Amino acid sequence: ILARVPTGLQPQSVHAAFGSMWSSDHHGASLTRIDPATNAVLDTVPAGAPDTFRNGPQDFTNDGTRLYVGDSNLQSLQSVNPTTDAVTTPASIEDAFCGPMAAIAGYVWSADGCTGTTYQLGTDGSVQQAFKIDGFPAGLTTRAGKVWIGDDHNTGAVLVERDPQTGAVLAKVRVGGDAESLTSAFGDLWLFDANSNAIRRVQV
């Protein structure tokens with residue numbers, strides 16, 4: 001252990017961007033910005049809805065220009081200017097941000113397990129498209145310029161590849177079990193299957 005860095009209450013996600021490490025402090029209604037060279041807290045950025053319980057950010061992502069933060073209670077895709085740490089809060093939408101996010105091709109994708117919907121969002125926080133399923137999207141990642149969603153159904157998980165701009169379905173791979181913590185690495189897709197207490201490696 002090289003350092004212990006204090007954050008806001010209940011840090012939920014951690015993200016590396018713009019020369020800093022960031023934590024999303026769900027109950028603290030904040031983001032903590034950390035200097036990885038000194039382990040010092042550079043800033044505590046207000047985010048979420050501080051007047052509500054479980055009020056703050058959950059997952060977040062970036063597109064190389066801004067940080068995008070999903071807030072479940074606020075139901076809004078907030079954006080952070082990494083130069084000034086100023087936060088922009090657009091109008092609320094139906095996305096509850098109960099899952100992972102990824103920025104790609106000028107859009108932000110959100111896998112919202114609370115509404116059983118995958119959302120394609122504009123960087124202004126507006127809903128471009130919404131893809132409802134009979135289960136819920138448990139995982140989301142990008143690979144080779146495409147979006148992959150792990151959709152959990154009663155009959156088992158399906159990995160769905162979508163075009164990041166049009167949202168068109170490009171491929172479906174039935175893997176069974178669960179499709180949580182979906183990520184792309186070493187040329188394949190990896191996911192956590194809670195049904196079998198195993199990590200699955202999927203070639204696509």
Side-chain angles (χ1 to χ4, degrees), residues 10-17 22-27 48 53-62 68-75 77 93-105 107-121 127-204:
Q10 198 192 26
Q12 186 161 321
S13 299
V14 66
H15 188 73
W22 303 73
S23 74
S24 61
D25 312 323
H26 185 44
H27 283 194
F53 179 62
R54 293 182 177 172
N55 43 22
Q58 292 179 275
D59 199 30
F60 50 146
T61 186
N62 81 90
Y68 298 96
V69 186
D71 296 298
S72 56
N73 287 59
L74 197 61
Q75 290 189 264
L77 182 70
I93 54 179
E94 60 265 34
D95 191 345
F97 295 103
C98 294
M101 297 165 50
I104 183 172
Y107 297 97
V108 176
W109 286 75
S110 169
D112 181 19
C114 290
T115 62
T117 307
T118 299
Y119 293 94
Q120 181 193 33
L121 308 173
V127 176
Q128 303 298 302
Q129 297 188 80
F131 306 98
K132 185 84 174 177
I133 61 171
D134 58 1
F136 66 95
L140 185 147
T141 191
T142 60
R143 177 183 181 276
K146 303 298 189 295
V147 176
W148 281 87
I149 300 111
D151 286 344
D152 281 355
H153 301 258
N154 291 334
T155 55
V158 178
L159 303 183
V160 182
E161 182 186 31
R162 289 187 180 272
D163 184 288
Q165 293 183 309
T166 67
V169 174
L170 304 176
K172 289 187 177 182
V173 181
R174 183 170 294 278
V175 295
D178 294 327
E180 299 177 28
S181 301
L182 181 65
T183 191
S184 173
F186 304 102
D188 297 319
L189 293 175
W190 300 70
L191 55 94
F192 171 55
D193 178 12
N195 285 349
S196 59
N197 295 319
I199 299 295
R200 295 194 183 198
R201 182 175 184 174
V202 182
Q203 184 180 56
V204 293

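None of the values given here were measured: they were computed from a predicted structure.
- Between Phe131 and Trp109, the ring planes are parallel. Angles under 30° get that label, and only those over 60° would be called perpendicular.
- Note that CG of Asp71 and CG of Asp59 are 11.0 Å apart. Values are rounded to the nearest 0.5 Å.
- Nearest approach of Tyr68 to Phe60, heavy atoms of both residues: O-CB, 3.0 Å.
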Where do Val69 and Phe97 land on the side chain to side chain contact (heavy atoms under 4.5 Å, CB included) test, with the steps shown first?
CA-CA 9 Å; Val69 186; Phe97 295 103; over 6 Å; no
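- When the shell of 6.0 Å around NZ of Lys172 is examined, it contains 12 or fewer heavy atoms from other residues, nucleotides or ligands.
- Nearest heavy atom pair, residue Thr142 against residue Ala102, reads CG2-CB, 3.9 Å.
- Judged purely by atom type and a 3.5 angstrom limit, Gln165 has no side-chain atom pairing as donor or acceptor with the backbone of Tyr107.
- Taking OG1 of Thr61 as the reference point, atom CD1 of Ile104 lies at 10.0 Å (rounded to 0.5 Å).
- Of all heavy-atom pairs between Pro137 and Ile149, the closest is CB-CG2, 3.9 Å.
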Step-by-step side chain to side chain contact (heavy atoms under 4.5 Å, CB included) determination, Asp95 to Val127
CA-CA 9 Å; Asp95 191 345; Val127 176; 5.6 Å; no
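- Nearest heavy-atom pair, Thr117 versus Ala130, reported as atom, atom and distance to 0.1 Å: CG2-CB, 3.8 Å.
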Distance-only criterion, 3.5 Å: show the donor-acceptor pairs between side-chain atoms of residues 189-204 and protein atoms not counting sequence neighbours.
residue	atom	partner	partner atom	Å
Trp190	NE1	Ala185	O	2.9
Asp193	OD1	Asp178	N	2.9
Asp193	OD1	Asn195	N	3.1
Asp193	OD2	Ser196	OG	2.8
Asp193	OD2	Arg200	NE	3.1
Asp193	OD2	Arg200	NH2	2.9
Arg200	NH1	Val175	O	2.2
Arg201	NE	Asp188	OD2	2.7
Arg201	NH2	Phe186	O	3.3
Arg201	NH2	Asp188	OD2	3.1

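- In terms of heavy atoms, Leu121 sits closest to Ser110 at CD1-CB, 4.4 Å.
- With Gln120 contributing its side chain and Pro164 its backbone, the two residues share a donor-acceptor pair below 3.5 Å.
- Looking at residues two or more places apart in sequence or on another chain, you find a side chain to side chain contact (heavy atoms under 4.5 Å, CB included) between Phe136 and Ala138, Asp152.
- A donor-acceptor pair under 3.5 Å is absent between the side-chain atoms of Ser13 and the main chain of Ser24, judged by distance alone.
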Which is it for Glu94 and Thr115 under the side chain to side chain contact (heavy atoms under 4.5 Å, CB included) test, yes or no, and what are the steps along the way?
CA-CA 8 Å; Glu94 60 265 34; Thr115 62; 5.7 Å; no
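- Taking both residues in full, the closest heavy atoms of Gly135 and His153 are given as N-ND1, 4.1 Å, listed atom of the first, atom of the second, then distance.
- From Arg162, atom CZ reaches atom CG of Leu170 across 9.0 Å, with rounding to the nearest 0.5 Å.
- Between Ser72 atom OG and Gln12 atom CD the span is 7.5 Å, to the nearest 0.5 Å.
- The backbone N or O of Gly56 sits less than 3.5 Å from a side-chain atom of His26, completing a donor-acceptor pair.
- Here the side chains of Leu77 and Met101 are in contact, with some heavy-atom distance below 4.5 Å.
- Residues Asp25 and Ser23 bring a donor and an acceptor atom of their side chains to less than 3.5 Å of each other.
- Side-chain atoms of Trp22 come within 3.5 Å of backbone N or O of Ala17 as a donor-acceptor pair.
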